[in-house]
Each structure stands twice: as structure tokens, then as C-alpha cells.
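Heavy-atom basis, side chains included; hydrogens, waters and symmetry copies ignored.
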Amino acid sequence: MLRVDHISKKFAEKAVLDDVSFCVAEASVVGVVGGNGQGKTTLFRLISGIYELNSGNVMRPSKVVYLPEERGLDMEETPCFFLTYIGRLHGMTKNSAQKRALALLDDFGLSDYADYRIGNLSKGMQQKVQFLSVLVSDASLFLLDEPFSGIDETNKELLKSEITKIREKGASVMVSSHDMDALEDICDDFLFLENGKIVSDGELHGLMQRYLHRNVLVLETAKDLHPSAQTEVVMTCRYPDKVETWLKASDDASETNKLLSDILSENDLMSFSVRRISLGDCVKISKNR
């Protein structure tokens with residue numbers, strides 16, 4: 001489906017992506033994870049052909065659609081006109097494009113706003129219209145940059161459902177988001193970008209298999225914790241005013257209480273809590289082990 005081989009991109013001698021390689025399988029959803037400025041948007045623009053590569057190669061399907069984070073809507077036009085226009089750009093007849101536009105607007109609860117001026121719609125509605133623009137055509141690869149930004153929980157669930165439908169139809173999706181919970185729900189695999197490089201897949205996937213959705217006991221102390229010999233330390237984070245230690249805990253509350261009692265016998269705790277590890281936590285653990 002998609003193969004990226006050793007691609008690099010610089011802007012004014014600053015390396016934004018450095019020797020990045022990966023593959024995306026057919027009918028899969030891949031989450032692209034990383035902080036601001038780590039190269040996620042640049043990666044999408046290189047794959048889509050908007051940016052030229054400095055080195056490397058991208059083998060992509062013939063039909064790729066890209067949804068940028070920034071809205072690219074004409075505020076003076078209507079949702080129906082805009083989506084019909086996008087369909088025409090993809091080679092559809094005017095009649096077919098308009099039928100597709102109206103069907104999508106109906107699916108997303110926007111049929112009553114089909115002829116409203118886009119500039120008069122709420123930001124959440126505008127975001128949905130922008131998302132619909134990539135659904136007008138039947139592409140093989142969808143690149144979605146922060147599609148959940150600016151929408152409420154109800155519409156987020158709607159977008160997640162549509163992304164799942166794309167995969168069920170046999171196409172592939174790459175989606176970036178700071179919403180780790182949303183990515184956990186829809187993604188088959190993940191790419192973790194840091195400083196323009198892919199963080200070791202093996203390490204992070206190993207952490208996900210070992211810890212994702214498992215319980216940890218989070219302890220805050222004034223100095224380094226002295227755990228019992230039988231306790232697995234998942235992560236230690238040292239801050240100027242405290243030390244935070246994550247210990248692997250059982251799903252059995254009585255066993256967790258016994259572990260906490262043992263810890264209290266040897267340490268002075270500032271606070272403690274039980275936490276279920278998320279995807280974002282796995283990324284944090286990889287940086288603080």
C-alpha cells in the first residue's frame with residue numbers, strides 16, 4: 001500500500017525528518033504520534049507530494065487524499081457547493097458529485113445547513129465539512145492531520161466511526177492526533193516521531209504489549225522510593241520538588257493494598273493513586289525508564 005524508504009527533509013539546513021522508513025498495510029489505520037514540531041505534518045506533506053524530498057523514496061497508491069490541520073474552506077461558499085466542487089476536482093460529474101455531497105452532509109447531520117454560508121457555521125460544523133471533503137472521492141490512502149481538533153465528543157465518535165468504515169472498505173488511513181484515547185480506539189499500529197526520527201518500534205510496541213491497559217501504582221515521594229524486592233518498577237520521574245515512581249500493580253485490589261502497605265512501611269509518601277496505563281503513558285514510559 002505505502003512504502004517510505006529513508007526519506008529526509010530539511011528547511012534552511014534544519015532537519016525536520018531524518019532517514020525515516022516504514023510501511024503501511026492495506027486496510028489499516030496507523031496513528032502518527034509525537035509532540036509539536038516533531039515532523040508529523042511534514043511527513044504527511046511529503047507522502048502526499050506537496051513537499052519535495054531531499055532524499056529517499058515514497059511508493060504510494062495512485063489516489064491519496066490529505067486533510068490538513070488548518071481549515072481550507074471558502075467561507076463565502078456553501079457546504080454543498082464546496083463538497084460538489086471537490087468531487088468535480090476528483091473527476092466526478094456535477095450530478096454525481098452533488099449527490100455524493102448531499103449524502104455525506106445528511107450522514108453527518110448537516111443536511112439542514114447544505115445551503116448555509118460556511119462562514120456562518122460553528123467551528124465544529126466547519127471542521128466536519130472539512131473532514132467530509134476527503135470522503136467525497138474513493139481514495140486508497142487517507143492522510144488525516146489532527147482531524148479531532150475543535151470538535152466535541154459526540155462528533156469525535158462520528159469521525160472515529162467514519163475512519164473505521166474507511167478501513168472496512170479496504171483503504172488505509174494515517175492519522176495524527178494529540179488525543180491518545182481516540183487513537184487507541186481506532187488504530188492498528190503506531191508511528192512515534194521524535195526529533196524527526198521514528199522512535200524504536202520494537203521498544204514501544206514491547207511496552208504496549210506489556211503495560212497497555214494494565215494497572216500501576218503511582219507514588220510521589222520527597223526522595224527516591226525503596227520498593228520491595230518483588231515489585232516491578234515501571235518508571236521513575238525525578239522533579240525538583242518530588243520523585244514520581246510507577247509500580248506494576250495487580251487488578252486485584254487486595255494485592256494492590258498489600259503492596260501499598262509494604263511500601264508505606266519503608267517510605268514516607270506524599271501521595272498515591274492507581275492508574276490504568278494508556279497509549280500516551282507508554283510513550284512517557286519509553287522516555288523515562
Side-chain angles (χ1 to χ4, degrees), residues 2 24 27-33 40-41 43-45 47-48 50 61 63-90 92 96-188:
L2 172 69
V24 174
S28 64
V29 180
V30 176
V32 182
V33 180
K40 302 186 299 297
T41 296
L43 176 63
F44 283 170
R45 291 179 178 178
I47 293 172
S48 64
I50 295 173
K63 204 162 192 179
V64 178
V65 292
Y66 168 51
L67 177 72
E69 181 178 4
E70 304 84 2
R71 291 188 181 91
L73 302 171
D74 186 338
M75 296 299 172
E76 299 300 321
E77 298 297 347
T78 67
C80 183
F81 178 89
F82 173 72
L83 295 177
T84 301
Y85 174 72
I86 295 296
R88 296 283 283 147
L89 289 179
H90 285 287
M92 300 172 69
S96 296
Q98 189 172 62
K99 285 184 178 179
R100 177 65 172 158
L102 290 172
L104 288 170
L105 290 168
D106 185 57
D107 289 344
F108 273 62
L110 293 173
S111 56
D112 290 342
Y113 303 92
D115 295 320
Y116 275 53
R117 180 175 166 272
I118 291 176
N120 290 337
L121 301 180
S122 69
K123 289 184 178 179
M125 288 182 177
Q126 291 176 9
Q127 185 74 352
K128 287 201 288 185
V129 172
Q130 175 118 333
F131 182 79
L132 290 177
S133 69
V134 302
L135 300 182
V136 173
S137 68
D138 295 321
S140 300
L141 176 64
F142 293 76
L143 307 174
L144 310 179
D145 197 355
E146 295 289 345
F148 307 119
S149 176
I151 61 171
D152 58 31
E153 288 300 317
T154 300
N155 286 315
K156 183 189 298 182
E157 292 302 315
L158 180 59
L159 263 62
K160 285 161 56 179
S161 175
E162 287 300 319
I163 291 171
T164 301
K165 289 178 183 177
I166 291 172
R167 175 180 56 198
E168 290 172 350
K169 292 177 180 178
S172 297
V173 181
M174 293 186 69
V175 52
S176 73
S177 179
H178 290 94
D179 189 332
M180 297 291 188
D181 291 338
L183 292 183
E184 278 187 45
D185 291 341
I186 59 175
C187 292
D188 305 300

Exercise. Does some side-chain heavy atom of I166 sit less than 4.5 Å from a side-chain heavy atom of L135?
Worked result: yes

Exercise. Which heavy atom in V33 sits nearest to a heavy atom in K40, and how many Å separate them?
Worked result: C-CD, 4.1 Å

For this session: Please report the shortest heavy-atom distance between L105 and A114, naming the atom on each side.
Result: CD1-CB, 3.8 Å

Problem set entry | I151 vs L158 side-chain heavy atoms within contact, under 4.5 Å | no

Exercise. Between Q98 (side chain) and C80 (backbone), is there a donor-acceptor pair under 3.5 Å?
Worked result: no

Exercise. Is there a side-chain contact between F44 and V64, using heavy atoms and a 4.5 Å cut-off?
Worked result: no

Seminar exercise, completed: Between the CG atom in D74 and the CZ atom in F81, the distance rounded to the nearest 0.5 Å is 8.0 Å

Problem set entry | Counterpart residues, salt bridge (Lys or Arg N to Asp or Glu O under 4.0 Å), relative to R117 (two or more places apart) | E76

For this session: Step through the shown structure and confirm whether more than 12 heavy atoms of other residues, nucleotides or ligands are within 6.0 Å of OH on Y66.
Result: yes

Problem set entry | Approximate separation, where rounding is to 0.5 Å, of M92 CE and Y85 OH | 15.0 Å

Problem set entry | Minimum heavy-atom distance between L183 and S177, given as atom pair plus value | CD1-O, 3.7 Å

Exercise. With a 4.5 Å heavy-atom cut-off, do L132 and F82 have their side chains touching?
Worked result: no

Exercise. Quick one: are V30 and L2 in side-chain contact, heavy atoms under 4.5 Å?
Worked result: no

Exercise. Taking only residues at least two apart or on different chains, which pairs with a member in residues 156-166 satisfy salt bridge (Lys or Arg N to Asp or Glu O under 4.0 Å)?
Worked result: E153-K156, K156-D179, E157-K160, K160-D185, E162-K165

Seminar exercise, completed: When L141, T164, V29 are each screened for side-chain contact (heavy atoms from CB on, under 4.5 Å) with V173, the one that passes is V29

Problem set entry | side chain to side chain contact (heavy atoms under 4.5 Å, CB included) against Q126, all qualifying residues, sequence neighbours excluded | R71, L73, M75, I118, L121

Exercise. Hey, mind stepping through L144 and L159 against side chain to side chain contact (heavy atoms under 4.5 Å, CB included) and telling me if it holds?
Worked result: CA-CA 11 Å; L144 310 179; L159 263 62; over 6 Å; no

Exercise. Which heavy-atom pair separates C187 from V175 by the least distance, and what is that distance?
Worked result: SG-CG1, 4.1 Å

Problem set entry | Contacts of type salt bridge (Lys or Arg N to Asp or Glu O under 4.0 Å), residue D106, not counting sequence neighbours | none

Problem set entry | Whether over 12 other heavy atoms sit under 6.0 Å from K99 NZ | no

Problem set entry | N155 vs Q127 side-chain heavy atoms within contact, under 4.5 Å | no

Seminar exercise, completed: Shortest non-hydrogen pair, V24 vs S172, comes out as CG1-CB, 4.0 Å

Problem set entry | Any pair counted as side-chain hydrogen bond (donor to acceptor under 3.5 Å, both in side chains), so long as it reaches residues 129-147, sequence neighbours left out | T41-D145, D145-S176, E146-H178

For this session: Find the distance between CG (L104) and CG (L110) and round it off to the nearest 0.5 Å.
Result: 10.0 Å

Exercise. Is there a side-chain contact between F131 and L67 (heavy atoms, below 4.5 Å)?
Worked result: yes

Problem set entry | All pairs passing side-chain hydrogen bond (donor to acceptor under 3.5 Å, both in side chains) where residues 107-116 contributes a residue, at least two apart | none

Exercise. Which atoms form the tightest heavy-atom contact between F148 and I186, and what is the distance?
Worked result: CZ-CD1, 4.0 Å

